[in-house]
2 protein chains.
Amino acid sequence: MMTVTLVQVAERAGVSTATVSMVLRNRGRISQATRERVLRALDETGYVYNQTAANLRNRSSNQVGLLLHDITNPFYGEMTAGLSHEMERHDMLLFLANSEESEERQQKFVESLLRNNACGMVLCAARQTPQAFFDGLKRRHIPAVMVVRPLIDPDFDFVGTDNFFGTQMATSHLLKLGHRNIAFIGGSQNSGTRSQRIGGFTSCLLEHGLSPNPQWIVTSQASQSDGVRVSETLLTSFPQITAVVCYQDIVALGVMQTLRKLGREVGRDCALVGFDDINEAALVQPALTTVSVAAKEIGRKAGELLYSRIQGNDEPPKRIILPPALIIRESCGFR
Amino acid sequence: MMTVTLVQVAERAGVSTATVSMVLRNRGRISQATRERVLRALDETGYVYNQTAANLRNRSSNQVGLLLHDITNPFYGEMTAGLSHEMERHDMLLFLANSEESEERQQKFVESLLRNNACGMVLCAARQTPQAFFDGLKRRHIPAVMVVRPLIDPDFDFVGTDNFFGTQMATSHLLKLGHRNIAFIGGSQNSGTRSQRIGGFTSCLLEHGLSPNPQWIVTSQASQSDGVRVSETLLTSFPQITAVVCYQDIVALGVMQTLRKLGREVGRDCALVGFDDINEAALVQPALTTVSVAAKEIGRKAGELLYSRIQGNDEPPKRIILPPALIIRESCGFR
DNA sequence: TTGTAAGCGTTATCAA
DNA sequence: TTGATAACGCTTACAA
């Protein structure tokens, strides 16, 4: 079965390929009669438009890339759904890649996008991405929107959440409940997201005349088990701590476990706030008070922005920061 | 900034475009000297290979599609990671689309893939997909691998899990623990996966001389909240139920929530088995006993199979059924 | 070992 | 309102 091209359609309709092309794209003036003839021929031949050829000719494309470091993380699943939906609205195709935090795979993907003539990309870059990577991107001046992980580089569009404000809300909630000895647990040393969250935490303490205690600000890996390990050390060394702001919900779950082990009741003897509002937050007992981030909305907004860039919007780089919300449940006590 | 093509590279290296192309693809005999000259020119010009042009010329492509109905579901997140990894190994690009169970969007995506000259696809079709859709696919004879949702059509490759055996294991586990009043919660009415899982459930009961109670087999949407809603009705109407086999982990999480609300302790007053082994299963408290289907492995195997088809493997359609495993954790009690 | 040139399927310019 | 035709950038016979 030969592939059907404009030529066969044109022959069958008794017109030129130019005419068929014009009918397909609704360009130029075509008489009703020929249009119908062409349409019929299109149908009869079972013609399939060759986007590749058109792209080559137009030096354009309708394909964008999405690079994540962990598609397995439900947060990114949500975000992807938001972006995918937005792209589909514009009849664009979405390439997906999962860097798994590997700078090499990330680089490979971007090169692949370039080779394949993608017209834009949304990136949540791997943790230790060197500046050279971003510089390389800029040199290609292909529209690129960064998401979630805060970026220092001011030349890129960015869509993320307000980490600073998020922990501020969390911290202020605890302060209002009367807590004065508040710790911060979680996040890894070199994370920009973490700095922002810690910023919200400490600034909020300072505004209330409390000086943050560096010994009460500790890192942890993004797992429940490490949350247990880290909090155990902290909470036994400093039993005077009565509340904890956690970098992530999963870490908070670990802290909960520790508190139980220490015989302290969550919400009564020690208050706990998480961040992310993952599913489990609502499930554990007591249910976890946490900061919710609209992941799907991040994807949607990133898509919208990227699309506008592809359309030629050349305003200066934008930073879209979505407001988080404090979801009050039970882990800070009932009243 | 003009785009650099083979022509500019050839000029700079003082050779023909044919030579440059051959160097790029390691074809034909090229002297070491010219190869080096070309390589240098490639580098100096900052040449970027135009895959689109090559694809047009070769009537080929390196792009495959993945159609899901819910990328938000952690199970599919895992599967996607597996497939993505496999595709990357072969330097293929992955198009992602989320049908959200809409036949129309699904159809649009497939057409888009065809237009874009994709060389294959992995599909988890929307629930009520008409046979015409599959027939249309066959007519194009483009390699397509179906995943997860069992398909009657024997003409397609399929990769999935053994749903029947999976719930058999789950049910038999509960029976061994002494439960006799076992309910089945979750899945939607017209789901083939669900029939298989219910098949495993009821057959196992029957083998143990118990007759399944239709009132204890209820549907639910694929969300935690609906799991709560549905289980609340069931478990208050029939307090004699002491164990539940859930269609999905997310539903099981909902059931957990209900049990708490009813003041019944999970694992002691009511045993619970899930299906999927999503990340949260290990994280909730008590940790969820569940049937693991190796989602990532499904993705990997589907990728492998698809790749072989693209390479020309024309053996008859294959059905790869991965064996599930019962992961015993805490939600059925400790002993 | 390297160069020439025809095509892949579409689009856009220009002429009819 | 339509048709001829030259690109788009790469690959591959075939020739040199």
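Chain identifiers are assigned alphabetically (A, B, ...) following the order of the sequence lines, protein sequences preceding nucleic acid strands; residue numbering begins at 1 within each chain.
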So for the helix from C:dT1-D:dA16 to C:dA16-D:dT1, with five pairs setting each end axis, what is the inter-axis angle to 10°? 40°

Please set out all donor-acceptor pairs under 3.5 angstrom arising from side-chain atoms of residues 18-30 of chain A, sequence neighbours excluded.
unit_1 : atom_1 : unit_2 : atom_2 : d
A:T19  : OG1    : A:S16  : OG     : 3.2
A:N26  : OD1    : A:R35  : NH2    : 3.2

Applying side-chain contact (heavy atoms from CB on, under 4.5 Å), name anything that partners B:E111, two or more places apart in sequence or on another chain. B:Q107, B:R115

Please list, one pair per line, the donor and acceptor atoms closer than 3.5 Å that link side chains of residues 73-80 of chain A to other protein atoms, with sequence neighbours excluded.
unit_1 : atom_1 : unit_2 : atom_2 : d
A:N73  : OD1    : A:F75  : N      : 2.9
A:Y76  : OH     : A:H69  : NE2    : 2.8
A:T80  : OG1    : A:Y76  : O      : 2.7

For B:F158, the ring-ring contact (aromatic ring centres under 6.0 Å, His included) test, sequence neighbours excluded, returns none

Counterpart residues, side-chain contact (heavy atoms from CB on, under 4.5 Å), relative to A:Q131 (two or more places apart): A:F134, A:D135, A:K138, A:D153

Applying side-chain contact (heavy atoms from CB on, under 4.5 Å) to A:R59 and not counting sequence neighbours gives B:T3

In chain order, what residues pass the side-chain contact (heavy atoms from CB on, under 4.5 Å) check against B:R127, with sequence neighbours excluded? B:E101, B:R149, B:S188, B:N190, B:S191

Output the distance between atom CG (A:N62) and atom OG (B:S112), rounded to the nearest 0.5 Å. 6.0 Å

Check: B:Q106 side chain, B:S99 main-chain N or O, donor-acceptor pair, under 3.5 Å: no

Contact check, residues 26-44 of chain A vs DNA chain D, heavy-atom distance under 4.0 Å, returns A:R29, A:I30, A:S31, A:T34

What are the bounds, 5' to 3', of the part of DNA chain C that sits under 4.0 Å from heavy atoms of chain A? C:dG9 to C:dA12

Near DNA chain D, which residues from residues 14-24 of chain B have a heavy atom under 4.0 Å away? B:A18, B:S21

Between protein and nucleic acid, restricted to nucleotides 14-16 of chain D and to nitrogen or oxygen atoms under 3.5 Å apart, what atom pairs and distances do you find?
none

